[in-house]
Amino acid sequence: MKKIVSSENIKVWLYKSNSIRELLITNEEQKLANNLSRYKSDQFKFSRSCIRDALSKLFNVNPLYIPLNAPPGVIPLLDEGWGHISLSHCKDAVLIAWSNDLIGIDIERNDRDFKYEKIFKRFFNDYDIKDYKELKSKEKMSKILELWIKKEAIFKYNSAYENHNSNDFRIKNKKSKLW
């Protein structure tokens with residue numbers, strides 16, 4: 001585990017694959033993992049273990065006492081008073097962000113093979129496109145990936161906001177710097 005950002009209000013941890021020696025998951029999380037493919041199960045157990053490891057150190061509590069509600073494919077939530085988390089993973093790492101306020105984070109490998117032109121046309125607006133039309137292929141792919149990561153982090157932030165509003169959580173009305 002590598003803590004890559006640490007301030008009073010925001011903490012960010014990067015875990016490389018196999019950096020946790022023991023699984024730190026609840027019986028309920030194990031049951032959820034049992035219903036997934038082997039790859040997804042391993043990814044799920046590792047990412048939840050990383051969350052529990054990071055937050056147990058932050059709050060100085062047993063990892064299994066972290067009040068985490070994070071079924072597969074759902075925004076991870078902590079009980080009220082424990083702050084907010086955002087989770088992202090790629091094939092060999094997990095990135096976790098924690099804050100007292102809502103937060104969104106994303107990670108991608110810069111050597112990821114993806115159809116950047118397809119993503120570009122589907123998810124980017126005219127404002128985005130004008131800045132990228134003249135770039136060469138490799139530079140364009142890198143810049144699109146960078147913008148994609150930012151958009152994904154914003155999407156996660158907005159999804160967390162909508163999720164909390166729909167559950168009648170009180171949201172502080174603050175301007176947030178997203179990057």
Side-chain angles (χ1 to χ4, degrees), residues 1-26 29 43-112 119 123-124 127-128 142-179:
M1 181 253 313
K2 180 178 181 183
K3 190 184 288 186
I4 56 176
V5 172
S6 185
S7 72
E8 186 176 321
N9 295 321
I10 297 174
K11 309 280 188 223
V12 178
W13 299 268
L14 176 67
Y15 287 81
K16 296 287 187 167
S17 293
N18 302 320
S19 60
I20 291 195
R21 299 193 197 293
E22 66 176 296
L23 290 178
L24 304 170
I25 60 172
T26 64
E29 288 166 335
Q43 188 180 55
F44 174 77
K45 292 185 287 189
F46 180 67
S47 64
R48 283 12 178 222
S49 293
C50 293
I51 292 171
R52 291 182 178 286
D53 181 67
L55 295 181
S56 72
K57 291 176 175 122
L58 177 65
F59 293 112
N60 196 28
V61 298
N62 181 314
L64 297 178
Y65 294 166
I66 300 295
L68 175 64
N69 181 9
V74 177
I75 296 167
L77 298 174
L78 296 168
D79 283 357
E80 192 169 342
W82 285 78
H84 304 276
I85 57 173
S86 185
L87 169 70
S88 186
H89 46 76
C90 59
K91 72 178 184 178
D92 62 350
V94 168
L95 188 64
I96 300 162
W98 173 91
S99 176
N100 285 318
D101 296 312
L102 294 174
I103 193 164
I105 200 161
D106 193 44
I107 186 174
E108 294 288 347
R109 290 182 54 92
N110 63 2
D111 63 352
R112 179 180 175 192
I119 288 175
F123 293 105
F124 292 69
Y127 178 78
D128 298 328
S142 176
K143 293 289 187 182
I144 290 171
L145 184 60
E146 181 182 324
L147 187 56
W148 176 256
I149 290 167
K150 290 175 183 177
K151 285 182 176 266
E152 184 69 18
I154 291 168
F155 174 78
K156 288 178 180 183
Y157 174 89
N158 287 337
S159 295
Y161 179 83
E162 290 167 9
N163 185 57
H164 284 291
N165 272 347
S166 68
N167 289 320
D168 294 323
F169 281 81
R170 289 183 5 193
I171 303 298
K172 296 177 183 175
N173 188 11
K174 285 184 159 183
K175 291 183 179 177
S176 297
K177 184 173 181 178
L178 298 174
W179 61 79

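- Distance CG/D53 to CG/L58: 11.5 Å, rounded to 0.5 Å.
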Legend entry - I107 vs L14, side chain to side chain contact (heavy atoms under 4.5 Å, CB included): CA-CA, chis, key distance, verdict: CA-CA 10 Å; I107 186 174; L14 176 67; 3.8 Å; yes
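- S56 places no side-chain N or O within 3.5 Å of a backbone atom of N62 that could act as its donor or acceptor partner.
- Salt-bridge check for K16 with D92: failed, with every basic side-chain N at 4.0 Å or more from each acidic carboxylate O.
- In this structure, the separation between SG on C90 and CD on Q43 is 9.5 Å, given to the nearest 0.5 Å.
- The closest side-chain heavy-atom distance from K151 to I149 is not below 4.5 Å.
- Annotation: side chain of F59 is not in contact with side chain of Y65 (no heavy-atom distance under 4.5 Å).
- The side-chain contact (heavy atoms from CB on, under 4.5 Å) search around F155 returns E152, S159, not counting sequence neighbours.
- How far CG of L24 is from NZ of K45: 12.5 Å, rounded to the nearest 0.5 Å.
- The closest side-chain heavy-atom distance from I85 to I103 is not below 4.5 Å.
- Of all the heavy atoms in Y15 and A54, the pair that sits closest is OH-N, 3.1 Å.
- Between N9 and S99 the shortest heavy-atom distance is O-OG, 3.0 Å.
- Using a 4.5 Å heavy-atom cutoff, the side chains of L55 and W82 are not in contact.
- Between F46 and S19 the shortest side-chain heavy-atom distance falls below 4.5 Å.
- With sequence neighbours excluded, the residues that form a side-chain contact (heavy atoms from CB on, under 4.5 Å) with L87 are S47, R48, I51, P76, V94, I96.
- With sequence neighbours excluded, the residues satisfying side-chain contact (heavy atoms from CB on, under 4.5 Å) with T26 are E28, E29, R52, L64.
- Within a 6.0 Å radius of CG in N60, no more than 12 heavy atoms belonging to other residues, nucleotides or ligands are found.
- Contact check for N100 versus I10: no side-chain heavy atoms found under the 4.5 Å cut-off.
- Contact of the S88 side chain with the D106 side chain is registered, since non-hydrogen atoms from C-beta on lie closer than 4.5 Å.
- In this structure, L95 and W13 have side chains that are not in contact, with every pair of non-hydrogen atoms separated by 4.5 Å or more.
- Taking OH of Y157 as the reference point, atom CD1 of I105 lies at 14.5 Å (rounded to 0.5 Å).
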